[in-house]
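Just below is one structure, and these are the notes that go with it.
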Amino acid sequence: MSRLTESSAWFELVRHRQQMAGVSLRALFAGDSGRFPRYTAEACGILLDYSKNRVTDETLGLLMALARECDLESWRDDLFSGQRLNRTEDRAVLHTALRNRSDRPARLDGLDVMPEVRNVARRMSRFVDGVHFGAITGHTGRPFKDVVNIGIGGSDLGPLMVSEALRPYHNPNIRVRYVSNVDGSHLYDALDWLDPENTLFIITSKTFTTEETMTNARSARDWFLREGGREADIARHFVAVSTNQAAVQAFGIGPETTFSFWDWVGGRFSLWSAVGLPVALAVGMDRFDEVLAGAFAMDEHFRTASLDSNLPVLLGLLGVWYINFWQAGAHAVVPYDQYLHRLPAYLQQLEMESNGKSVDRDGRPVDYATAPVLFGEPGTNCQHSFFQLLHQGTQVIPADFLVAAESHTPIGHHHRILLANCLAQTEALMRGRTAEEAAAELAAAGTPPEVAALLLPHKVFPGNRPSNTLLYRKLDPYTLGALVALYEHKVFVQGAIWNINSFDQWGVELGKTLARALLPELTTGPTPDHDSSTAGQVRWLRERMAAGETGV
Ligand code: G6Q
């Protein structure tokens with residue numbers, strides 16, 4: 001047994017879970033008109049309504065006790081004081097310094113990192129203004145029109161998600177595209193119709209060794225040279241965001257167009273650094289600063305608010321309640337906001353790469369569940385796809401709903417319809433529809449009794465399905481920053497409870513190593529050390545592979 005499952009709060013929660021087995025949310029709401037005001041919390045312009053969860057005051061008290069037994073408050077202090085929380089990589093976790101708007105230092109081994117952070121931000125700002133106002137141009141003097149960010153994982157998902165979320169704020173003269181996949185189709189499509197004379201490439205890679213990114217970067221360079229650019233022009237059309245200056249220089253990008261960040265910024269937490277350069281180019285540095293300001297406001301809230309009114313703590317602990325005490329293996333995120341259409345993909349990495357672990361910080365196997373499968377799609381689209389399972393499937397899948405009071409693009413009644421659907425779905429999940437209600441509806445519709453009897457079981461909704469709703473006025477840069485930081489800290493809270501290192505990702509290594517070994521075998525044939533499936537697939541593919549590979 002681990003320290004966690006032996007803690008008294010854990011025992012109490014196991015006991016309490018049994019008590020809650022027969023309690024329905026519908027009954028909880030019927031018996032208490034004050035659930036909404038009591039189980040809502042607000043910070044940074046975001047209202048979290050967590051009243052549609054299977055919780056009572058006792059549940060919340062026990063979850064808070066669990067957090068205290070797990071020293072959540074001191075882990076939180078360690079996060080903000082630059083401790084080397086990422087022990088397996090011997091790194092501090094200081095991404096909050098990137099959005100620090102206070103005059104407090106952010107210390108790493110006694111040294112304040114803020115001067116360096118501000119210096120890179122100033123360079124970014126000058127570069128963005130230079131591109132926007134025409135001081136920085138392509139080699140023929142034409143202003144840049146297209147920006148192609150080449151990066152993957154943390155060097156792609158964050159800036160891509162934010163660029164999409166801030167579409168209404170985009171500079172109309174700049175188009176930003178993202179290329180991540182080593183599948184040549186991604187680069188091919190991105191370069192389609194681009195003119196090298198006004199195209200700027202950003203090669204974003206913390207290590208500058210990632211195979212996909214370097215392969216795409218080399219192919220982009222080949223394309224640039226083939227389409228009329230000269231070697232001497234590369235420095236004007238390719239900039240880098242990286243911690244690896246030497247590799248950047250070897251690629252042909254000079255220090256004046258290299259924007260650095262630091263090993264204390266994890267890939268999936270890096271969008272606040274120069275990794276946000278494509279976002280800043282899309283929306284301008286002032287807007288990018290507003291994203292950072294929103295994230296800073298959420299940092300301050302997380303750092304200082306009491307646990308029971310702390311949004312990241314509440315979201316994290318509610319997740320723990322379902323994952324560990326109700327065996328929920330999945331969690332849905334449903335933004336009723338088209339501009340947040342990449343949020344689920346971004347959160348997949350944030351939650352599953354951070355907390356998809358089965359050993360604790362000391363390398364001991366855990367005896368409790370950790371991160372669930374996270375998935376999602378924008379509403380209302382998902383109502384026409386996986387919501388069937390949320391409402392009537394055999395598993396209970398807690399879900400987060402996100403929606404803005406105000407639309408960026410008001411067209412007729414669209415936004416009211418969107419809002420009504422969002423509200424209706426959480427109400428339906430919570431209330432369900434009883435057999436009596438379903439029978440009454442069938443009768444009222446004049447359904448013949450034999451047909452009604454056939455349909456009745458299909459028309460029943462069990463209800464009692466939990467959800468959180470996050471409401472905000474409008475998806476502006478500040479709110480977006482606060483929302484993303486909220487989820488970052490939620491992940492931190494869960495990692496602290498589960499006693500795991502949320503900041504490493506060793507689970508991505510093995511596949512990469514095997515891919516390196518398999519690459520030549522696609523030409524030479526499989527070596528005998530493979531299983532028959534892998535070897536069989538190599539042989540099958542070799543027989544069918546077209547001869548060569550051509551450039552884009
Ligand atoms: C994120 C991970 C991972 C990383 C990519 C890209 O936390 O570390 O997704 O961001 O593998 O790495 P590079 O930025 O080094 O190319």
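What you see below is based on every heavy atom in this structure, not just the backbone, and it leaves out hydrogens, waters and symmetry mates. Just so it is clear, the structure is predicted and the values come from calculations on it, not from any experiment. All ligand and atom numbering here is 1-based and tracks the order in the structure. Throughout, residue positions are numbered sequentially from 1 according to the sequence presented.
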**Message:** Quick check against the 3.5 Å criterion: does Ser242 have a side-chain atom that pairs as donor or acceptor with the backbone of Ser205?
**Reply:** yes
**Asked** Excluding sequence neighbours, so at least two apart, what forms side chain to side chain contact (heavy atoms under 4.5 Å, CB included) with Glu73?
**Response** Arg68, Arg76, Leu307
**Message:** For Asp360, is there any backbone N or O sitting under 3.5 Å from a side-chain donor or acceptor partner on Asn499?
**Reply:** no
**Asked** Is the backbone of Glu351 close enough, under 3.5 Å, to the side chain of Ser354 for a donor and an acceptor to pair up by distance?
**Response** no
**Request:** Cation-pi check, Arg361 to Trp75: give yes when NZ or CZ is under 6.0 Å from the six-membered ring centre and within 45° of the ring axis, no otherwise.
**Result:** yes
**Item:** Close-range residues for ligand 1, whose non-hydrogen atoms fall below the 4.0 Å threshold
**Value:** Ile152, Gly153, Gly154, Ser155, Ser205, Lys206, Thr207, Thr210, Gly267, Arg268, Gln349, Glu353, Gln505
**Prompt:** Which of these, Asp504, Asp362, Asp78, sits in a salt bridge (charged side-chain N to carboxylate O under 4.0 Å, His left out) with Arg87?
**Reply:** Asp362
